[in-house]
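Structure in structure tokens, see below.
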Amino acid sequence: MDRRQLPGLDREVSALGAGCWTIGGLATNRGVPIGWAGVDEDEAFAGLVRAHDLGVTLFDTADVYGLGRSERLLGRLLQQVNRSPLVISSKVGYFAGTAIHPYAAGQVRRQLLTSLSNLGTDYLDLYFLHASDFGPDGRYLDEAVETIHRLRREGLIRAVGMRAPHEFAVEWATDPHHPQAIDSARFLTLFERIKPDVLTARYNLLSPLYGPDETDIFSFAHHHQVGLLLKQVLGQGLLIGARSPSSPLAFPTGDHRQGGSLFTRPMLRAIHDGLATLSQRFGDSRADLTRIAVRYALQRDPDAAVLLGFRNARQIGSNLTCLGEPLSSDDIGAIQLAMSSVRDMLTASRPVNPNSPQEHSA
Ligand SMILES: NC(=O)c1ccc[n+]([C@@H]2O[C@H](COP(=O)([O-])OP(=O)(O)OC[C@H]3O[C@@H](n4cnc5c(N)ncnc54)[C@H](OP(=O)(O)O)[C@@H]3O)[C@@H](O)[C@H]2O)c1
């Protein structure tokens, strides 16, 4: 397993990390489905063990993933392996499990203590402010920021993380006509205030391509010397052919992907066509498509690590072992061309709603 030194982290991590949202199973938060249906705890735990056996040292979870189940499963792993070489990341701020706002006074510290207890560890390597809603008029922002940096000074956490918008360029923030202007400007303001060590961003075959005059999240992270964790690299299964347009669209009740903007028949058809083009060049097995999806993200930036979601040992095992040879620049150009019409569809169909919870939209 390749290793990477991300700016902002005090030790190397495996280039591929285990994303533990999926293994939390079904959950709702504020009445909204945020989980994954049909997850078997023993199978999920076997997936964690397999990831560790294959050299994964980065494990990403959150208080809200399965409302503690994901953290507790990861805690089971930590009981039986050497904790110290691992980088364990968790999050606070989205889980609405108490009567008060997740960033209200005292909540961040209380929630961290719960997460540490779930995980059976006395520190986190990385702790994310998971949501950008800091209460009416941002009234809890100062408290949350002060608390998270105090927790760092106390050694309870070792680095601070925050989420980047899915689509972002610095220049958009000052372009009042740009549809992402508000989100971009808000991110820049919060970044200055929070001063994170690491950012998390969605990046996959469908991510927008940026022009030479646009400072995207990768250039931004380099400039500020912060690390990046890339998520949704497999498109939640879509980009490795796990959902075809002819298979039933419906996810089991409660799965957060039900009704997701990517999981519509026209979008599946477009993705299917793009993947069919890729298959002619790279091969048509699940492993071939996974190699492309993972390599595309891995090769984007050596200062980033890639998180892979999974529900069992078979998925994570095959995802971690299908990397093969690196993609050439011609390969990357061919991938971008094959997926261009899907990217365009996605841009055209995306509602501009600065208040939408980006975490759970596909
Ligand atoms: N997405 C976000 O907004 C977000 C935000 C913060 C952090 N993260 C982190 O990123 C991690 C990755 O999650 P993600 O949302 O980005 O999902 P992802 O990695 O793009 O997709 C994971 C899903 O793809 C399917 N899959 C994976 N390997 C497969 C295989 N070999 N064969 C068939 N299907 C396979 C599984 O879905 P099924 O089997 O259920 O179909 C699996 O749950 C999360 O766990 C979390 O740690 C994500």
Side-chain angles (χ1 to χ4, degrees), residues 16-27 34-40 43-44 47-48 50-51 56 58-66 69-71 73-74 87-94 126 128-132 161-166 198-207 228-244 247-252 254-258 260-263 271 285-291 293-294 296-297 304-322 356-362:
L16 298 178
C20 301
W21 176 15
T22 43
I23 62 171
L26 285 174
I34 55 158
W36 304 67
V39 174
D40 176 278
E43 288 185 12
L48 285 173
R50 181 103 173 101
V56 168
L58 168 64
F59 293 84
D60 176 69
T61 182
D63 57 353
V64 78
Y65 296 168
R69 270 195 307 273
S70 170
E71 288 182 332
L73 268 182
L74 188 50
V87 168
I88 305 297
S89 148
S90 193
K91 312 185 184 76
V92 64
Y94 188 68
L126 179 55
F128 278 91
L129 293 179
H130 198 180
S132 52
M162 78 175 272
R163 211 170 77 192
H166 296 320
V198 173
L199 294 171
T200 178
R202 178 195 293 179
Y203 186 71
N204 61 33
L205 305 183
L206 307 182
S207 294
L228 268 175
L229 298 187
L230 303 182
K231 62 198 180 193
Q232 228 181 98
V233 163
L234 309 175
Q236 303 189 328
L238 274 191
L239 296 173
I240 55 174
R243 290 270 154 182
S244 89
S247 67
L249 276 182
F251 288 92
D255 193 294
H256 77 99
R257 291 170 292 183
Q258 219 172 27
S261 59
L262 265 185
F263 294 91
I271 291 173
S285 69
R286 174 73 42 80
D288 293 325
L289 293 176
T290 307
R291 169 179 169 256
V294 177
Y296 186 79
V306 166
L307 298 173
L308 298 176
F310 63 98
R311 61 168 59 233
N312 55 37
R314 184 187 52 75
Q315 285 188 355
I316 191 78
S318 58
N319 297 349
L320 292 171
T321 53
C322 68
S356 66
Q358 297 176 30
E359 168 79 10
H360 301 292
S361 61

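Ligands are counted one by one from 1 in listed order, and the atoms in each one are counted from 1 as well. Throughout, numbering of the chain's residues begins at 1 and tracks the sequence. These figures come from a predicted structure and were not determined experimentally. Hydrogens, waters and symmetry mates play no part in the numbers below; they use all other heavy atoms, side chains included.
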I need the contact type for A62 against ligand 1. Using non-hydrogen atoms and a strict under-4.0 Å cut-off, is it side chain, backbone, both or neither?
neither
Close-contact set for ligand 1 against S318 heavy atoms, below 4.0 Å
31 (N)
Side chain proximity check, L234 to L239, heavy atoms < 4.5 angstrom
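Sidechains of L239 and L234: no contact.
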Ignoring hydrogens and angles, tell me if any N or O in the side chain of R69 forms a donor-acceptor pair with the backbone of L26 under 3.5 Å.
yes
Quick one: which of R314, Q232, R257 has a heavy atom closest to atom 14 (P) of ligand 1?
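Minimum heavy-atom distance to atom 14 (P) of ligand 1 goes to Q232.
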Any idea how Y65 and W21 line up, ring-wise: parallel (<30°), tilted (30 to 60°), or perpendicular (>60°)?
parallel
Polar contacts were defined as any N/O atom of the residue lying under 3.5 Å from an N/O atom of the ligand; does this apply to K91 and ligand 1?
no
For ligand 1, note which part of H166 has a heavy atom under 4.0 Å away: side chain, backbone, both or neither.
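Answer for H166: neither.
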Relative to the heavy atoms of L234, which atoms of ligand 1 are at a distance of less than 4.0 Å?
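So the atoms of ligand 1 that pass are 18 (P), 19 (O), 20 (O), 21 (O), 27 (C), 28 (N).
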Has ligand 1 got any nitrogen or oxygen that is less than 3.5 angstrom from a nitrogen or oxygen of H130?
no
May I ask you to check whether Q315 has an N/O atom sitting below 3.5 Å from an N/O atom of ligand 1?
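Among all N and O atoms of Q315, at least one is under 3.5 Å from an N or O of ligand 1.
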Interfacing atoms of ligand 1 (cut-off 4.0 Å, heavy-atom, G237):
21 (O), 24 (O), 25 (C)
Do L262 and I271 come within less than 4.5 Å of each other through their side chains, counting heavy atoms only?
yes
For T22, atoms of ligand 1 separated by under 4.0 Å from a heavy atom
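Every atom of ligand 1 under 4.0 Å from some heavy atom of T22: 43 (O), 45 (O).
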Can you find a pair of side-chain heavy atoms, one from F263 and one from Q236, that are under 4.5 Å apart?
yes
With a 4.5 Å limit on heavy-atom distance, are the side chains of V92 and L129 in contact?
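In short, these two side chains touch, coming nearer than 4.5 Å.
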N or O pair under 3.5 Å between L308 and ligand 1
no
Using modelled atom types only, decide if a donor and an acceptor are shared between the side chain of R163 and the backbone of H130 within a distance under 3.5 Å.
yes
Counting heavy atoms under 4.0 Å, the part of N204 that contacts ligand 1 is neither
Quick one: does any side-chain atom of S70 pair with a main-chain N or O of C20 as donor and acceptor, under 3.5 Å?
yes
Could you list which atoms of ligand 1 come closer than 4.0 Å to a heavy atom of R311?
38 (P), 39 (O), 40 (O)
Is the shortest N/O to N/O distance between D60 and ligand 1 below 3.5 Å?
yes
N or O pair under 3.5 Å between G19 and ligand 1
yes
Quick one: does Y65 get within less than 4.0 Å of ligand 1, heavy atoms only?
yes
Take I23 and W36 through the test side-chain contact (heavy atoms from CB on, under 4.5 Å) and record every step on the way to the result.
CA-CA 8 Å; I23 62 171; W36 304 67; over 6 Å; no
Within ligand 1, which atoms have a heavy atom of V233 less than 4.0 Å away?
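Counting atoms of ligand 1 from 1, those under 4.0 Å from V233 are 20 (O).
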Any nitrogen or oxygen of R286, main chain or side chain, under 3.5 Å from a nitrogen or oxygen of ligand 1?
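Among all N and O atoms of R286, at least one is under 3.5 Å from an N or O of ligand 1.
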K91 side chain to T61 main-chain N or O, any donor-acceptor pair under 3.5 Å?
yes
What do we get for D255 next to ligand 1 when only non-hydrogen atoms under 4.0 Å count, side chain, backbone, both or neither?
neither
Side-chain heavy atoms of E43 within contact of Q315, under 4.5 Å
no
I'd like to check whether A242 has a polar contact with ligand 1, where a contact means an N/O of the residue lying under 3.5 Å from an N/O of the ligand.
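Among all N and O atoms of A242, none is under 3.5 Å from an N or O of ligand 1.
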Less than 4.5 Å apart, any side-chain heavy atom of L229 and any of L58?
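Yes, at least one pair of side-chain atoms sits under 4.5 Å.
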Distance filter under 4.0 Å to C20 heavy atoms, resulting ligand 1 atoms:
45 (O), 47 (O)
Out of Q236, R163, R202, who gets a non-hydrogen atom closest to atom 15 (O) of ligand 1?
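It is Q236 whose heavy atom sits nearest to atom 15 (O) of ligand 1.
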Ignoring hydrogens and geometry, is there a side-chain-to-backbone donor-acceptor pair from R311 to T22 under 3.5 Å?
no
Interfacing atoms of ligand 1 (cut-off 4.0 Å, heavy-atom, N319):
27 (C), 28 (N), 29 (C), 30 (C), 31 (N)
Would you mind reporting whether V198 and F128 have side-chain heavy atoms less than 4.5 Å apart?
yes
Heavy atom of T200, distance to ligand 1 below 4.0 Å
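False for this residue.
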So, regarding T61 and ligand 1 (criterion: nitrogen or oxygen to nitrogen or oxygen, under 3.5 Å), is there a contact or not?
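No - when backbone and side-chain N and O of T61 are compared with those of ligand 1, no distance drops under 3.5 Å.
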Would you say L307 and ligand 1 have an N/O pair spaced under 3.5 Å apart?
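Min N/O separation from ligand 1 is not below 3.5 Å for L307.
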Would you indicate whether the side-chain heavy atoms of N204 and Y296 approach each other to under 4.5 Å?
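Y296 does not reach N204 side chain to side chain.
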